[in-house]
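In this text, all values refer to a predicted model and were calculated from it rather than measured experimentally.
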Amino acid sequence: MSASAVEPSVDPQLDQVAVENARLVRAARAELLEHSPSVTVEMLARARSATNGATHQWIRRHRTAGRIVTVEHQGRTLLPSFQFDEVFDLDPTVADIVAQLTGYGMDGWAIWHWFHTVNTWIERRPVDAAAVGDTAALARAADGLTAA
């Protein structure tokens, strides 16, 4: 092709869908960070009267089992507070639901969002059902993800 040849005009394939999806994901994450309490690993260690090393091991064990929600934000690991009881032990009912959602392929951000979004199967947020110990509602909400 000579230097004087003109390339045909081609319209670029612009990925507007991916851009809008990224915008919505960022907005949902910002909403969680602003309105849904979480703790750092160091805060969790202090609450549990444990060392940071022991706390990292505890988190790793539960994360490997898919029973705890963690997210990364600005270089820090955050753990949403809804999954803990008043002494920062893992709430077993919430941990079971987290394991179920993890098994469906959901990541930490998606699980955190799921718990804080009104669920049509129970007509409230799963986090609110967890707060009052309504295990049946939590099970219905999670099962609703695979209902046909």
Intermediate values then yes/no, side chain to side chain contact (heavy atoms under 4.5 Å, CB included), Asn119 and Glu123:
CA-CA 5 Å; Asn119 184 290; Glu123 298 180 352; over 6 Å; no

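- Two different hydrophobic clusters hold Trp112 and Val39 under the rule that ILVMFWY side chains link at heavy-atom gaps under 4.5 Å.
- Note that the CG atom of Asp85 and the CG atom of Leu90 stand 8.5 Å from one another [nearest 0.5 Å].
- Rounded to the nearest 0.5 Å, atoms CG (Leu33) and CG (Leu78) are 6.5 Å apart.
- Thr77 contributes atom OG1, which lies 8.5 Å from atom CD of Glu42 (distance to the nearest 0.5 angstrom).
- Taking the charged nitrogens against the carboxylate oxygens, Arg140 and Asp143 have no contact shorter than 4.0 Å, which rules out a salt bridge.
- Following chains of ILVMFWY side-chain contacts shorter than 4.5 Å, one can reach Leu145 starting from Val98, so the two form part of one hydrophobic cluster.
- The minimum heavy-atom distance between Ile68 and Ile59, with the atom names listed, is CG2-O, 3.9 Å.
- In this structure, Phe88 and Phe84 have tilted ring planes: the angle between them lies in the 30° to 60° band.
- Residues passing the side chain to side chain donor-acceptor pair (under 3.5 Å) test with Thr102, sequence neighbours excluded: none.
- Both Trp109 and Ile97 are members of a single hydrophobic cluster when ILVMFWY side chains are connected at heavy-atom separations under 4.5 Å.
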Please walk me through it: do Val118 and Arg124 pass side chain to side chain contact (heavy atoms under 4.5 Å, CB included)?
CA-CA 5 Å; Val118 173; Arg124 61 184 159 159; 5.6 Å; no

List the steps and the verdict of side chain to side chain contact (heavy atoms under 4.5 Å, CB included) for Ser36 and Phe82.
CA-CA 8 Å; Ser36 304; Phe82 73 85; over 6 Å; no

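- Side-chain contact between Leu32 and His113 is present, with at least one heavy-atom pair separated by less than 4.5 Å.
- Hydrophobic clustering of Ile, Leu, Val, Met, Phe, Trp and Tyr side chains at less than 4.5 Å, counting indirect connections, keeps Tyr104 apart from Ile122.
- The heavy-atom pair separating Ala130 from Val94 by the smallest distance is CB-CG2, 3.7 Å.
- Counting only heavy atoms from C-beta outward, the side chains of Phe115 and Val69 never approach each other to under 4.5 Å.
- Closest non-hydrogen pair, Leu138 versus Pro126, comes out as CD2-O, 3.4 Å.
- Between Ala99 and Ala65 the shortest heavy-atom distance is CB-O, 4.4 Å.
- Taking OG of Ser38 as the start and CE of Met43 as the end, the distance is 7.5 Å to the nearest 0.5 Å.
- Among residues at least two apart or in separate chains, side chain to side chain donor-acceptor pair (under 3.5 Å) pairs with a member in residues 47-58 are Arg48-Asp89, Trp58-His62.
- Other residues, nucleotides and ligands contribute over 12 non-hydrogen atoms within 6.0 Å of the CZ atom of Arg61.
- Rounded to the nearest 0.5 angstrom, Glu86 CD and Asp91 CG are separated by 9.5 Å.
- The line from CZ of Arg67 to CG of Leu101 is 12.0 Å long, rounded to the nearest 0.5 Å.
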